[in-house]
Amino acid sequence: MKKYNLPFVFGFLFLCIQCQSKKNHTQESKTEVITRVFEVAEDQFSYLISKIDTISPLLQPRSLNKDGSYRMAYKQDWTSGFFPGSLWFLFEYTQNEKWKTYANRYTMALDSAQFVKWNHDVGFMIQNSFGQGYRLTGNKTYKKAVVDAANSLSTRYRPVAKIIQSWDTDAPWIQGKDLDMPVIIDNMMNLNLLYQATKHSSDTTFANIATSHAGTTIKNQYRSDFSCYHIVDYDHITGLVRKKVNFQGYADESSWARGQAWSLYGYTEVYRETKNVLFLEQAKKIAQFIMQHPKIPNDHIPFWDYDAESTEEIPRDASAAAIVASALLELQEFDPGNKSKYLSYTETILRTLASDIYFAKKGDNGGFLLKHSVGNFHENNENDAPLNYADYYFLEALLRWKNSN
Ligand code: GLY
């Protein structure tokens, strides 16, 4: 009978087991990363829903407070559409009816948000919830909500300056700040709703407003290096620029990371919808600014502001990274000359976000997916916290990555 060298066999088996268990995420294939994240996301969101169900079926999970309790979004909060949107992405990936049912439930909880007229965020709220639902199901109720929301947003268009006004001047957070007709860069994210509403209704007014806003923003919101200001304030009588400031960033002349991400994502979408090369060039220049910035760390997760200085460690913002990844995965389709650069940059972001540093373990992080985002640094509000929009753009980016080659 053949004799086996038992110590050698056991040693070999032990090493194999060690290797397998130590197989770290950097060795995973793209498909393995995506599969793992969506598997964990199913567990996390099941857990999250079981927790928030006891709070209120009308509120959306937004973040975690420092004490671990949930920070919930009421339906007029700018973040209210992201959780329903993430549930739509889970349905899209798994095709499991369970997620469609939950996505519908949290989407419908937003109902009257489509009629919000006192700020521009209706685009975020409705396109990411009802809009995603319509894309995946063709449900006419969702389509109507998108058109109703576009009507609401259009009431904020100011022809004198050719912009959509972001906030009313009596909004509580700008009291005493000397703003007359403010536009924030985030407003670029609301334009997709208008383009989709034109397709749903054949009313070109919506798309024309969006394109007009995007054109004015190019002229007034950017510096020569294609970084952007957070806020441009216009005079409501003359339409002229009054001032350019940065409430959410480190300083007026600094580059707030999420603002740069919104700007890249917004112009990529406007190019998709208009095919006007002016907007493609803008998106390419913004991408260049972000990707070549000397202060972007090697893992490509930016500090909350590219120019932030501190005596303590400066927090990173996972939400900005997720938005950039998703935007670049769309931009690579329109800019074949830079496709491989965009894909490689994105892959670094997504692998980093899917690593143990950023991606929560099952049952941790209150059921949210990503850790380490920055909501509003100056207000010490959601600093180094999970955020529902970080999760939304992370899942969207992974779906786009899955379909890219
Ligand atoms: N729209 C607000 C933000 O990005 O924080």
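As the structure is a computational prediction, the values presented were derived from the model and not from experiment. Ligands are counted one by one from 1 in listed order, and the atoms in each one are counted from 1 as well.
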K.L.:
Parallel, tilted or perpendicular, judged at 30° and 60°: which one describes the rings of Phe82 and Tyr392?
P.N.:
perpendicular

K.L.:
With a heavy-atom distance limit of 4.0 Å, tell me whether Trp256 approaches ligand 1 through its side chain, its backbone, both, or neither.
P.N.:
side chain

K.L.:
Can you sort out the partners of Tyr250 under ring-ring contact (aromatic ring centres under 6.0 Å, His included), two or more places apart, ordered by chain and number?
P.N.:
none

K.L.:
ring-ring contact (aromatic ring centres under 6.0 Å, His included): which pairs involve residues 181-207, sequence neighbours left out?
P.N.:
Tyr134-His200

K.L.:
For atom 2 (C) of ligand 1, what's the nearest protein heavy atom and its distance?
P.N.:
Asp186 OD2, 3.0 Å

K.L.:
For Arg71, run the side-chain hydrogen bond (donor to acceptor under 3.5 Å, both in side chains) check against Asn388, Asn65, Asn381 and tell me which one passes.
P.N.:
Asn381

K.L.:
Quick one: which ligand 1 atoms are inside 4.0 Å of a heavy atom on Gln248?
P.N.:
3 (C), 5 (O)

K.L.:
I want to know if ligand 1 touches Trp262 in the polar sense, i.e. an N/O pair below 3.5 angstrom.
P.N.:
yes

